[in-house]
Amino acid sequence: MTIPRTICLGFLSVIAIGTILLMMPFAASEGTWTHPMVALFTSTSAVCVTGLVVVDTGSYFSFWGQLIVLALFQIGGLGYMTTTTFLILILGRKFKLKQKIAIQQALDRQGLQDSAALIRSIIATAIIFEITGIFLLLLVFVPDYGLYQGFWLAIFHSVSAWNNAGFSLFPDSLTSYQSSLLLNLVITALIICGGIGQQVIFEFYLWLRDRILRRRQSLEFSLNFKVVTSTTIFLLIVGTIAFLFIEFNNDNTLGASTLSDKFIKAWFQSVTTRTAGFNTIDLGKMTTAGLFITITMMFFGASPGGTGGGIKTTTVRVLVSSTQAILQGKEDVYLYKRQVPIELILKAIGVLVGSCATVIISTLLISLAEPTLDFIQILFEVVSAFATVGLSTGITPDVSTWAKLVLIGTMYIGRVGVLLLMASLLGEPRPSAVQYPEENLLVG
């Protein structure tokens, strides 16, 4: 039982437990047994923090069912290893070397030191941001739904936004609040902070603390911080401009809105497309160009260590910088005056190839099962599932059982990661003492 297998089987175990709980009569609003496929799809989507649904979460599930869904995407957002390690710390058991290595691989971080402190920091950061989001969203939901229902709506949507889950208790997601500036700002802030990762947030906190205390030796940001923040800001700005330009005259999305509302909707769409899954416009009525931009943004995804999916912003940046180096005739890749190791470049290439292969195979399988659907719709749902986004053009509830199973598998692969899944299937790499001669071949 290798560490990658432990992580992969851990996610499967949580999905199985969630499926069983959601099948129970107390989880449904009508008090009847839930169909196994509905329970399995919902549990997988929640644990994989995707947000794709085959039934309306707010009306189909009872309060207890909604609470189970919330618990599942909270566990999925934190990660299986983070959650189990936190439980071990609560129980007062020793933190073993294997668990430290598992945390290192699950969070994609360097070194094994301070793993227990890291877990406490991740949990504390999530709690602080989620509670802050709850109190701010109370100002939005309580006037419309009263104290008790408004409080539950604030809790559910704050936790869902921080974990980039995209689950909503409204049948039209957040379309009814598309003009609410407070809700748009709170939800997008939670999505961005949850997606960039705890390490980036903690580095910014230390830098801000040093500035406030006016310390002589202030923190120097790591390469990861610089790449994540700069790439995230660039994608957010480009996404907002692209959606505003493409959908500006589309009356079904932005065309009928005022100029200020157009900016708010375009901004929200740019943020949520990067693995959050909420929507304030009808995606099924977007132009083909708008859907393609959304697919691209979904595929890029969030950042390592965050609650989002996709191939990650750092992967995109390494690949772009590598391409730039090749075009300029350079043999080394540099980012912010730091050389990128060849191992990291190979890993980025592996992530890209594995991700593209997953999307291609899943799209092909669903196309064979649903020949009447448009290709762009199928590709949209597959990328949304793989990048654990949850945005949908509305076809997911109506596709066949076979197509739903393909989407379930795609969501699972996207959450655990292509490389981690392959490592669990192939086992630990075996060292080789054989070194073969080098030879060139034609490429490009």
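- Screening residues 17-32 for side-chain hydrogen bond (donor to acceptor under 3.5 Å, both in side chains) gives no qualifying pairs among residues at least two apart or on separate chains.
- Taking S62 as the reference, W64 meet the side-chain contact (heavy atoms from CB on, under 4.5 Å) condition, with sequence neighbours excluded.
- Under the side-chain contact (heavy atoms from CB on, under 4.5 Å) criterion, A289 pairs with I246, T287, not counting sequence neighbours.
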N252 and D282: CA distance, side-chain angles, deciding distance, side chain to side chain contact (heavy atoms under 4.5 Å, CB included) verdict: CA-CA 7 Å; N252 295 318; D282 188 351; over 6 Å; no
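- A ring pair (Phe, Tyr, Trp, His ring centres under 6.0 Å) check over residues 380-405, counting only residues at least two apart or in different chains, returns nothing.
- Partners of Y336 under the side-chain hydrogen bond (donor to acceptor under 3.5 Å, both in side chains) rule, at least two apart in sequence or in another chain, are S230, R317.
- Scanning both residues, L78 and A126, for their nearest heavy atoms gives CD2-CB, 4.1 Å.
- In this view, Y177 and F141, F170 satisfy the ring-ring contact (aromatic ring centres under 6.0 Å, His included) rule, not counting sequence neighbours.
- A pairwise comparison of heavy atoms in A325 and V333 identifies CB-CG2, 4.1 Å as the closest pair.
- Within the structure, the side-chain hydrogen bond (donor to acceptor under 3.5 Å, both in side chains) test picks out the following pairs touching residues 37-56 (sequence neighbours left out): D56-S59.
- The shortest non-hydrogen separation linking A46 to V69 is CB-O, 4.0 Å.
- By the side-chain contact (heavy atoms from CB on, under 4.5 Å) test, L139 is found to be paired with L182, residues two or more places apart in sequence or in another chain being considered.
- Side-chain atoms of S160 come within 3.5 Å of backbone N or O of G166 as a donor-acceptor pair.
- The shortest distance between side-chain heavy atoms of Q269 and L283 falls below 4.5 Å.
- Residues meeting the ring-ring contact (aromatic ring centres under 6.0 Å, His included) test with F225, sequence neighbours left out: F221.
- With W267 as the fixed residue, the side-chain contact (heavy atoms from CB on, under 4.5 Å) test singles out one of N184, T280, L236, I237: L236.
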Pair up each side-chain donor or acceptor in residues 407-414 with any protein partner under 3.5 Å, not counting sequence neighbours, and list the distances.
from	atom 1	to	atom 2	distance (Å)
T410	OG1	S362	OG	2.9
T410	OG1	V406	O	2.7
Y412	OH	C8	O	2.7

Verdict with supporting geometry, I7 and S424, side chain to side chain contact (heavy atoms under 4.5 Å, CB included): CA-CA 9 Å; I7 297 174; S424 67; over 6 Å; no
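- Remark: A28 engages T34 in a side-chain contact (heavy atoms from CB on, under 4.5 Å) (not counting sequence neighbours).
- Listed by chain and number, the residues in a ring-ring contact (aromatic ring centres under 6.0 Å, His included) with F151 amount to none (sequence neighbours excluded).
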Derivation of the side chain to side chain contact (heavy atoms under 4.5 Å, CB included) call for L373 and V399: CA-CA 9 Å; L373 294 177; V399 296; 4.0 Å; yes
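- Side-chain contact between R274 and T232 is present, with heavy atoms from C-beta onward closer than 4.5 Å.
- The shortest non-hydrogen separation linking F278 to T272 is O-OG1, 2.6 Å.
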Step-by-step side chain to side chain contact (heavy atoms under 4.5 Å, CB included) determination, V359 to F299: CA-CA 10 Å; V359 170; F299 190 71; 4.1 Å; yes
